[in-house]
Amino acid sequence: MDLFEKVSEDIKNAMKAKDKVALETLRNVKKFFLEAKTAPGANDTLTDADALKIMQKLVKQGKDSAAIYVQQGREDLAEAELAQVRVIERYLPQPMSAEELENALREIIAQVGAAGPKDMGKVMGVASKALAGKAEGRAISETVRKLLNN
């Protein structure tokens, strides 16, 4: 069962369980999936990799929105946003720990032959593809910067 089918099935389960947060969140996710499937050039298909990218983007947007709500003193809106993020995160693979990320990036740096901060672009190109879905881009770039500066 691919992610699209899993989300569709879980929408039915959320309806039966009368789980409004999950239902609303999963319907929103499915809307983005359908838009991606019907986009020009998509040939009415959506790979799990593309579905994961969409979900990661939604999680990042939700966290960013929650942070803005907290800054403006609207904890109620922030909590609602984070509740939706938690629903989506159930479908994402476990993120790498800081130690695992650092070890993976050390291997990529050695593989690329990066010597210093000027090689950050080379490392980021490979690391972004290799670690997609396993770590956030911001965490990858901060760790690469730290490793190349030492």
Side-chain angles (χ1 to χ4, degrees), residues 1-112 120-147:
M1 179 183 303
D2 66 2
L3 267 174
F4 184 80
E5 292 168 351
K6 176 109 176 83
V7 168
S8 297
E9 187 65 31
D10 288 348
I11 287 173
K12 293 176 199 168
N13 295 336
M15 281 181 192
K16 290 176 186 171
K18 296 188 182 349
D19 184 348
K20 288 185 179 179
V21 173
L23 181 60
E24 181 182 323
T25 303
L26 294 174
R27 280 182 172 163
N28 190 35
V29 168
K30 188 171 180 179
K31 175 186 74 110
F32 280 99
F33 283 179
L34 288 171
E35 287 174 358
K37 278 181 91 165
T38 58
N43 298 328
D44 201 33
T45 57
L46 180 69
T47 64
D48 275 356
D50 291 336
L52 277 175
K53 285 180 188 173
I54 291 169
M55 291 180 124
Q56 288 167 335
K57 181 180 173 187
L58 292 173
V59 165
K60 183 179 182 324
Q61 287 175 345
K63 287 180 179 178
D64 291 347
S65 296
I68 291 169
Y69 290 143
V70 168
Q71 287 174 355
Q72 295 177 349
R74 294 296 309 266
E75 276 73 18
D76 56 327
L77 295 174
E79 185 50 45
E81 200 70 43
L82 291 174
Q84 292 186 359
V85 166
R86 285 190 292 274
V87 170
I88 298 171
E89 284 179 333
R90 287 187 258 169
Y91 298 89
L92 299 177
Q94 285 293 81
M96 297 176 98
S97 69
E99 187 177 305
E100 292 171 325
L101 176 62
E102 193 167 313
N103 290 336
L105 288 172
R106 285 183 197 281
E107 289 177 22
I108 291 172
I109 288 171
Q111 172 189 341
V112 172
M120 184 159 174
K122 273 197 266 182
V123 175
M124 283 302 295
V126 174
S128 295
K129 287 185 183 94
L131 303 175
K134 299 175 188 167
E136 284 188 8
R138 186 180 310 146
I140 294 172
S141 67
E142 287 172 0
T143 308
V144 168
R145 188 173 290 117
K146 182 182 85 172
L147 292 172

Within the structure provided, determine whether Arg138 and Glu142 are in side-chain contact (heavy-atom separation under 4.5 Å). yes
Which donor-acceptor pairs under 3.5 Å do the side chains of residues 28-37 make with protein atoms, sequence neighbours left out?
unit_1: Lys30; atom_1: NZ; unit_2: Ser8; atom_2: OG; d: 3.1

Can you measure from CG (Leu26) to CD (Gln84) and round to the nearest 0.5 angstrom? 9.5 Å
Nearest-0.5 Å distance that lies between atom CZ in Arg27 and atom CE in Met15: 4.0 Å
Nearest heavy-atom neighbours spanning Val21 and Thr25: O-OG1, 2.7 Å
Heavy-atom count check: over 12 atoms from other residues, nucleotides or ligands less than 6.0 Å from Gln94 CD? no
Worked verdict on Asp19 versus Val87 for side-chain contact (heavy atoms from CB on, under 4.5 Å): CA-CA 11 Å; Asp19 184 348; Val87 170; 6.0 Å; no
Can you find a heavy atom in the side chain of Asp10 that is under 4.5 Å from one in the side chain of Asn13? yes
Taking every heavy atom of Leu101 against every heavy atom of Ala135, the minimum-distance pair comes out as CD1-CB, 3.9 Å
State the CG-OG1 distance between Asn43 and Thr38, to the nearest 0.5 angstrom. 12.0 Å
Under a 4.0 Å N-O cut-off, is there an ion pair linking Arg106 with Glu102? yes
Pairwise distance CE(Met124) to CG(Leu131) - rounded to 0.5 angstrom: 9.0 Å
Please table the atom pairs, donor to acceptor, closer than 3.5 Å between any side-chain atom in residues 58-70 and protein atoms at least two apart or in another chain.
unit_1: Lys60; atom_1: NZ; unit_2: Asp64; atom_2: OD2; d: 3.1
unit_1: Lys63; atom_1: NZ; unit_2: Glu89; atom_2: OE2; d: 3.2
unit_1: Ser65; atom_1: OG; unit_2: Gln61; atom_2: O; d: 3.0

Closest contact, heavy atoms only, Met120 versus Ser141: CE-O, 3.4 Å
Calculate, to the nearest 0.5 Å, the distance between atoms NZ and CG belonging to Lys6 and Asp48 respectively. 12.0 Å
Distance check, rounded to the nearest 0.5 Å: Leu3 atom CG versus Leu46 atom CG? 8.0 Å
